Amino acid sequence: MSRNLFIIVLLIITPFCGWGQVDTIADQKLQEVVIMAKLPTVEMKPGKMTYRLDASITQSQGNVYDVLTSLPGVVIQNDGTIFLNGQNGANILMDGKPTYLSGQDLVNLLKSTPASITDKIDLITYPSARYDASGNSGIIDIRTKKILRRGMNLSVNGSYDQGKYGEGFASTTLNLRTNKFNFYLSYSYSRKNDYDDLYVERSYLEGWRPEGETGQMTQSSYRTWKNKSNYYRFGIDYQMSEKTTIGLSTDGNLAGSKVEGDMNSSIPKRSPQTGGLLRTLNDQNRSQDNFTAVLSLTHTFNSDGGVLDASMDYLRYRYEEDQYLNSQDTLFGDMDGGIHLYSGQANLVWPFSKSFTFHAGAKTSFVSIDNNADYNRLQGDSWQPDHDLSCDFQYDENINAGYVQLDAKFSSISLEAGLRLENTRIEGEQSGNAYQRDSSFTNHYTHLFPTLSVQYALRNGNSLSLTYGKRIVRPNYRDLNPFVYIHDEYTYDKGNTLLRPELSDNLELAYIHGDLFRVGLAFNYTKDVIIKSYLDQGNYVVYVSPENLSSRVSVGPRLSTSQLPLTSFWNVNVSASLIYNRYRLPENYQVKVNKRWTPNIGISNQFSFARTWSAELIGFYNGKMAAGQAAIYPLWQINAGIQKKIWKGRGTIQLFARDIFHSNVSRMSVMTPTQHAFIKERMNRTVVGISLTYRINRGLEVKESRRKHSVDESKRINL
């Protein structure tokens, strides 16, 4: 009654106060209200940092590989090794499920995925028991865009950037949402030209030098890459009732690459007859396609949050590759392979009360791999089989997992305690021939992975947190594959069937100051660290092969902030760490320990000059880092961009530049029992570009459905 009386009084006095004067333009109607809001570029949560690509100018362009290498604390080597906060072993996921790739195949996938279809990237340092236990330094989750509005929504993006070579991306996303159905379709095409400029110096230690020679060797290589990629995603969700939703989605990638280049190896004071100077031509053609189908179900029991979700995955991955080498000998390799993965999982969330919530789930996955390599050498005018290099490798893996977790909330304490059990069964077989015998290996093991997170609330919204988690890194399939990959007569890659999984314990104590910043002290101990090693075979020949080192200890402080407003138009975000890594090397090494303090810092500046104009300046510095046998030299990079909203806010035009000072150059030194090596590698990272985006949105915004992501499988697949 009082509310109605207030409205009547307001209507009576409004004309006299001038608040409700009649418009002098007849029949004026308000057609549209636009609310301008800007998403934060970086969001900080306990155990997780979120980088929103749409809120960034430079990080929303190019490919996902470019984005990841621009994030502070993330280092990706060209062989696919990923470091997060100074530790290797990060697990890459896309939309909540691992990418199932590693090594060069993972790099190729990241480079062929446009950043324009990506919404955000989560860096999760302490995953809960629900996640797979793989990845000892944490999880990098790449989230693709999901349109959350009713009706038809269409987004189109095109970009081009130019460095030494040019690259272009085009993508479109369509979404149709009604009361019962949600249909979505994404497609992107990318065409990229790249180069790889490599220089290597090798020096043999005293006592290991070939008799009568200096033991010095240099290698230089220049390769060009031509890549094409088609990415697609299709799905439909159907809301059977207010509580139950089913979904079917597929996605895939069709990609091809052509690599042309050479490797020049020089050994001073060695006669041409014994190989003083060797030039190797190395050309490759590769095509690959992967396809994933997911069937999911989500059921909500009650309004308190009880949810059951289940999903089933099927994955198929195929590749074909040929390699032509011409040096002292002429060699042709024909390789192909395929992967089939079947996986299923179910998860339950059940709140007993406002203070206690129970989580439980189970998962099983089956992976089957078949690889073939057929090498032939040119002898005279005919090709003859090379039985030493030819190989057929089959691999089968089954992982069964289950977990329970309890969340509890008291007056000032929040607790999450979980326990995950994973059982792994592996069988591998390498078929022989007339020159080499059959070989096989099996490995069965079971591990428990506890997780714990305790947060204690202080005054004024501040808190203390203690987090612990046990993690595992299983050898990826490429590392177990005994195939030999040839760079030239002196450098080979080869797998190791004797690898053991590495296990790590992770602990962090942190202070959280409201929504402003988080500072913590982190500790990690890892046993049987898997790292690329350089094995001397004599006569200057080196095999690059993974092996288990004894252990690694990492400790150091970390600092992260949210968007700090310095002025009305300037926000800044800072991420910094100082990590001490200590690797214990095998006893046959002259140096038993590789240790080093590594500083990392990243600063992101966002400027808003007007309602339609914005700019950003981003930079990072990663200090010198210990990594097994190697020391990785410092990296730094500065990116800048400017953006203008056009077409009444429906369009955006952006100008951007990455690696402005051409400073992101990979350099590292390697120490083996027999030699020292220095490696320098430069790629096409310095670019300037332009991007144009246009969006059509019809309908009202709705809440995102609780559609769960599909079943995970590890990133370890690599053929």
Side-chain angles (χ1 to χ4, degrees), residues 49 51 58-59 65-90 107 123 125 137-138 140 163 195-203 522 524 529 531-532 534 552-560 572-583 585 591 593-605 617-640 657-672 676-687:
M49 294 291 293
Y51 295 83
T58 60
Q59 291 178 339
Y65 178 86
D66 296 328
V67 176
L68 289 178
T69 54
S70 71
L71 298 182
V74 178
V75 176
I76 304 180
Q77 294 182 298
N78 293 327
D79 64 357
T81 302
I82 300 175
F83 293 86
L84 178 60
N85 296 322
Q87 303 173 30
N88 68 312
V107 172
L123 304 184
T125 51
S137 62
I140 302 176
Y195 74 91
D196 186 304
D197 191 359
L198 175 69
Y199 177 75
V200 181
E201 289 182 358
R202 292 161 54 184
S203 177
N524 168 278
V529 182
I531 205 78
K532 288 292 179 70
Y534 302 82
R552 179 192 64 210
V553 173
S554 297
V555 64
R558 297 174 183 170
L559 168 69
S560 56
V572 65
N573 170 264
V574 179
S575 175
S577 65
L578 180 62
I579 304 298
Y580 173 77
N581 285 313
R582 184 181 188 275
Y583 288 84
L585 304 180
V591 177
V593 173
N594 185 10
K595 56 184 179 180
R596 186 172 299 276
W597 284 95
T598 301
N600 296 300
I601 185 169
I603 301 177
S604 174
N605 299 275
L617 182 66
I618 295 178
F620 73 85
Y621 172 83
N622 294 324
K624 194 171 184 179
M625 178 172 59
Q629 295 176 323
I632 300 176
Y633 285 72
L635 291 171
W636 64 281
Q637 178 173 316
I638 293 179
N639 307 330
R658 291 195 301 270
D659 196 12
I660 297 174
F661 297 102
H662 206 38
S663 56
N664 194 343
V665 180
S666 175
R667 295 174 299 154
M668 69 177 182
S669 61
V670 178
M671 178 178 293
T672 76
H676 290 168
F678 173 78
I679 303 168
K680 181 179 180 180
E681 194 165 12
R682 185 188 297 273
M683 302 184 73
N684 191 34
R685 291 196 173 100
T686 300
V687 298

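Remember, it's a predicted structure, so these values are computed and weren't measured experimentally.
Under the ring-ring contact (aromatic ring centres under 6.0 Å, His included) criterion, Tyr633 pairs with Phe678, not counting sequence neighbours. In this structure, the side chain to side chain contact (heavy atoms under 4.5 Å, CB included) partners of Val670, at least two apart in sequence or on a different chain, are Tyr534, Gln629, Ala630, Met668, Thr672, Ala677, Ile679. With sequence neighbours left out, the side chain to side chain donor-acceptor pair (under 3.5 Å) criterion links Ser669 to no other residue. Residues satisfying the salt bridge (Lys or Arg N to Asp or Glu O under 4.0 Å) criterion with Arg552, sequence neighbours excluded, are absent altogether. With sequence neighbours excluded, the residues satisfying side chain to side chain donor-acceptor pair (under 3.5 Å) with Ser554 are Asn581. Ile531 meets the side chain to side chain contact (heavy atoms under 4.5 Å, CB included) test with Asn88, Ser533, Leu549; sequence neighbours excluded.
To the nearest 0.5 Å, atoms NZ (Lys680) and CG (Leu198) are separated by 11.0 Å. To the nearest 0.5 Å, atom CG of residue Asn573 and atom CD1 of residue Ile618 are 9.5 Å apart. The line from CZ of Arg658 to CG of Asn639 is 7.0 Å long, rounded to the nearest 0.5 Å.
Residues Ile632 and Ala627 share a closest heavy-atom pair of CD1-CB, 4.0 Å. The minimum heavy-atom distance between Asn664 and Gln637, with the atom names listed, is ND2-OE1, 2.7 Å. Here the closest heavy-atom approach between residue Met625 and residue Thr598 is recorded as CA-OG1, 3.3 Å. The two residues Asn600 and Gly623 come nearest to each other via the heavy atoms OD1-N, 3.7 Å. Closest approach of Ile82 to Ile140, counting heavy atoms only: CG2-CD1, 4.1 Å.
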Pair Val572, Ile603 - check side chain to side chain contact (heavy atoms under 4.5 Å, CB included), show working. CA-CA 7 Å; Val572 65; Ile603 301 177; 3.8 Å; yes
From CA spacing to verdict: side chain to side chain contact (heavy atoms under 4.5 Å, CB included), Tyr199, Arg682: CA-CA 9 Å; Tyr199 177 75; Arg682 185 188 297 273; over 6 Å; no
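Of the candidates Val555, Asn594, Val593, Arg582 forms a side chain to side chain contact (heavy atoms under 4.5 Å, CB included) with just one, namely Val593.
Side-chain contact between Arg685 and Tyr65 is present, with at least one heavy-atom pair separated by less than 4.5 Å. Between Leu123 and Tyr51 the shortest side-chain heavy-atom distance falls below 4.5 Å. The side-chain heavy atoms of Leu617 and Ile638, taken from C-beta on, include a pair separated by under 4.5 Å. In this structure the side chain of Arg558 never reaches within 4.5 angstrom of the side chain of Ser575, judged on heavy atoms.
With Asn622 contributing its side chain and Pro634 its backbone, the two residues share no donor-acceptor pair below 3.5 Å. Formation of a donor-acceptor pair under 3.5 Å by the Thr686 side chain with backbone atoms of Ile660 is not found in this model. Here the side chain of Asn684 pairs no donor or acceptor atom with the backbone of Tyr195 at under 3.5 angstrom.
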